[in-house]
Asks: 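This is the structure, below, for whatever I ask next.
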Amino acid sequence: MPAKLLHYVRRFDPAAPSLGRIGNLEVRLARNAAEVKAAQQLRYRVFYQEMSAQPSKLQKMTRRDRDGFDRYCDHLLVIDHGRGGPIARQIVGTYRLMPGERAALAGGFYTAQEFDIAPMLARHAGKRFLELGRSCVLKDYRGKRTVELLWQGIWSYVLGHGVDVLFGCASLAGTDPATLAGPLGFLQANAAAPAEWRVRAHPHRGTFFEAVTDVDPRRALAALPPLLKGYLRLGGYVGEGAVVDHQFGTTDVLIVLPRENINPRYIGHYGADASRFAA
């Protein structure tokens, strides 16, 4: 059976287990297409209705944030069982996970549209890569419990799939790189990837900044988006250059997080076997 057809046949596990639970909140993978659709509806609410993303006519009509990569990804969900009603109402957070073997079926990783990741992948041909993307949480749930469950789910997935490297885009609000020169320069000075993990924005899309060292590290770090700060605290690196995403109203940087870099404090928090919040 061709690989793509086999993927569609085996795309979902209708009995996908719980990966963690805190009170009424549970994290697990989507079990069917209806749950992926619900995650896309959540993404639309957050990205297009709450934030500044610009929907296409089709997205306006369907009220879903979706693209061609969705069908190849696993979709991590945080579900609030206390909300009741249909699953679309219960899903309050989501993350899109693309392992390397699925990217091969999809024609590449989403990130490759903005950053030249091919040299990095070639340098580490024997490692298993996992692309993270489309992270979003309903406004009322942007607290410690939801974030912890999302990372619990990711860590469980990393262990279960033997992932060696996590990577993906992280966004800063705004489309004028000049106004973001401070935080972008701070990232280059303090979190730039070493040669073996270096990735550059595509020249025709990227804006490049000099490292900035004459800033207060605490204030610069405090000004960064929570997701980006989280990646850095885990041990992530930042690639060279930034890319403006006009559709989403953001400026993107590339994060690379080798599993061996993950701060032992976080591994201790979630458990070496991801058992901290196991249901």
Side-chain angles (χ1 to χ4, degrees), residues 1-17 19 27-44 46-48 53 55-56 58-59 62-79 87-88 91 93-118 120-122 124-136 150 153-171 199 202 227 243 245 247-248 252 254-257 259:
M1 184 181 293
K4 279 194 176 183
L5 182 57
L6 187 61
H7 163 69
Y8 286 123
V9 171
R10 298 179 177 176
R11 182 181 175 192
F12 298 108
D13 176 2
L19 300 177
V27 63
R28 63 169 173 79
L29 296 178
R31 293 171 175 167
N32 52 55
E35 292 186 348
V36 173
K37 180 179 178 180
Q40 293 168 337
Q41 291 170 336
L42 172 65
R43 284 161 27 187
Y44 184 89
V46 173
F47 297 145
Y48 297 90
S56 66
L58 178 61
Q59 288 169 325
T62 62
R63 303 180 77 80
R64 293 160 62 187
D65 169 58
R66 58 174 175 166
D67 63 22
F69 293 93
D70 276 327
R71 70 189 67 177
Y72 297 101
C73 295
D74 281 320
H75 297 263
L76 193 66
L77 311 175
V78 174
I79 300 165
I87 189 65
I91 295 174
T94 186
Y95 232 121
R96 192 167 77 173
L97 312 179
M98 173 81 91
E101 62 272 16
R102 304 274 189 85
L105 298 178
F109 288 105
Y110 174 89
T111 307
Q113 298 175 122
E114 297 186 353
F115 294 87
D116 184 12
I117 62 174
M120 176 184 69
L121 299 179
H124 303 279
K127 295 187 182 295
R128 295 176 64 85
F129 284 79
L130 176 67
E131 181 186 60
L132 306 179
R134 287 301 204 273
S135 169
C136 73
L150 282 171
I154 291 170
W155 181 233
S156 296
Y157 194 96
V158 165
L159 295 178
H161 290 76
V163 172
D164 299 302
V165 186
L166 300 92
F167 75 103
C169 293
S171 302
V199 174
H202 287 300
L227 181 63
V243 175
D245 187 331
Q247 181 187 5
F248 282 87
D252 299 339
L254 192 282
I255 299 293
V256 181
L257 176 58
R259 177 173 164 181

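What you see below is based on every heavy atom in this structure, not just the backbone, and it leaves out hydrogens, waters and symmetry mates. Quick caveat, the model's predicted, so the values are computed rather than measured.
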Asks: Heavy atoms, side chains only, cut-off 4.5 Å: are Arg134 and Tyr95 in contact?
Replies: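 Heavy-atom side-chain distance check fails, nothing below 4.5 Å.
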Asks: Kindly determine whether Arg96 and Asp67 satisfy salt bridge (Lys or Arg N to Asp or Glu O under 4.0 Å), including the steps that lead there.
Replies: CA-CA 12 Å; Arg96 192 167 77 173; Asp67 63 22; 2.8 Å; yes
Asks: Are Pro55 and Phe47 side-chain neighbours, meaning at least one heavy-atom pair lies under 4.5 Å?
Replies: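 No, every pair of side-chain atoms sits at 4.5 Å or beyond.
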Asks: For the pair His124 (side chain) and Asp164 (backbone), establish whether a donor and an acceptor sit closer than 3.5 Å, ignoring hydrogens and angles.
Replies: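 No, the answer is negative, given that no donor and acceptor are paired below the 3.5 Å cut-off.
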Asks: Minimum heavy-atom separation for Met98 to Gly108, with atom names?
Replies: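 Shortest heavy-atom contact: CE-O, 4.4 Å.
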Asks: Between CG of Leu58 and CZ of Arg63, what distance do you get to the nearest 0.5 Å?
Replies: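 Taking CG in Leu58 and CZ in Arg63, the distance rounds to 13.0 Å.
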Asks: Check whether any side-chain heavy atom of Arg71 sits under 4.5 Å from a side-chain heavy atom of Arg11, and report yes or no.
Replies: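 Side chain of Arg71 against side chain of Arg11, heavy atoms only: contact under 4.5 Å found.
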Asks: Specify the closest pair of heavy atoms between Ala88 and Gln41, including all atoms of both residues, with the distance to one decimal.
Replies: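 Here Ala88 and Gln41 meet closest at CB-OE1, 3.8 Å.
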Asks: If I take atom OH from residue Tyr110 and atom CD from residue Glu131, how far apart are they, to the nearest 0.5 angstrom?
Replies: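 Reported value, rounded in 0.5 Å steps: 9.0 Å.
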Asks: Considering non-hydrogen atoms only, spot the tightest contact between Ala38 and Ile91 and give its length.
Replies: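 Shortest heavy-atom separation between Ala38 and Ile91 comes out as CB-CD1, 3.6 Å.
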Asks: Side chains of Arg28 and Glu35, heavy atoms from C-beta outward: is any pair under 4.5 Å?
Replies: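 The answer is yes; the side chains approach within 4.5 Å.
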Asks: Closest heavy-atom contact between Pro99 and Leu130?
Replies: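 Smallest interatomic distance, heavy atoms only, reads N-CD1, 3.7 Å.
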Asks: Between Gln247 and Tyr48, does any side-chain donor sit less than 3.5 Å from a side-chain acceptor?
Replies: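 Present: a donor and an acceptor within the cut-off.
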Asks: Has His75 got a side-chain atom pairing as donor or acceptor with Lys37's backbone, closer than 3.5 angstrom?
Replies: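 No, His75 side chain to Lys37 backbone: no donor-acceptor pair under 3.5 Å.
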Asks: So, do Ile154 and Leu166 sit near enough that their side-chain heavy atoms are less than 4.5 Å apart?
Replies: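 They are in side-chain contact.
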Asks: Do you know which of Leu132, Leu29, Leu76 makes side chain to side chain contact (heavy atoms under 4.5 Å, CB included) with Tyr157?
Replies: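 Only one option passes, and that is Leu29.
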Asks: Is there a side-chain contact between Phe248 and Asp65, using heavy atoms and a 4.5 Å cut-off?
Replies: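 Sidechains of Asp65 and Phe248: in contact.
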Asks: Looking at side-chain heavy atoms only, is the closest gap between Arg43 and Arg64 below 4.5 Å?
Replies: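 They are not in side-chain contact.
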Asks: Calculate, to the nearest 0.5 Å, the distance between atoms CG and CD1 belonging to Leu77 and Ile87 respectively.
Replies: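 Interatomic distance, Leu77 CG to Ile87 CD1, rounded to 0.5 Å: 7.0 Å.
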Asks: How far does CZ of Phe12 sit from CZ of Arg31, to the nearest 0.5 angstrom?
Replies: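 Reported value, rounded in 0.5 Å steps: 12.5 Å.
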Asks: Minimum heavy-atom separation for Cys169 and Leu254, please, with both atom names.
Replies: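 Smallest heavy-atom distance, with atoms named: N-CD2, 4.4 Å.
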Asks: Could you give the distance from CG (Asp116) to OG1 (Thr111), rounded to the nearest 0.5 Å?
Replies: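 Separation between the atoms: 12.0 Å.
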Asks: For side-chain contact (heavy atoms from CB on, under 4.5 Å), just list the numbers for Val158 and Arg259, CA-CA rounded to whole Å, side-chain angles, deciding distance to a tenth of an Å, and then say yes or no.
Replies: CA-CA 9 Å; Val158 165; Arg259 177 173 164 181; 3.9 Å; yes
Asks: Would you check if Thr94 and Cys136 make a side-chain contact, meaning some heavy-atom pair closer than 4.5 Å?
Replies: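 Thr94 vs Cys136: side chains touch.
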Asks: Look up atom OG in Ser171 and atom CG in Asp245, then write down how far apart they are to the nearest 0.5 Å.
Replies: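 Nearest 0.5 Å value for the OG-CG distance: 7.0 Å.
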Asks: Would you say the rings of Phe167 and Phe109 are close, in the sense that their centroids are separated by under 6.0 Å?
Replies: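 Yes, the ring centres sit under 6.0 Å apart.
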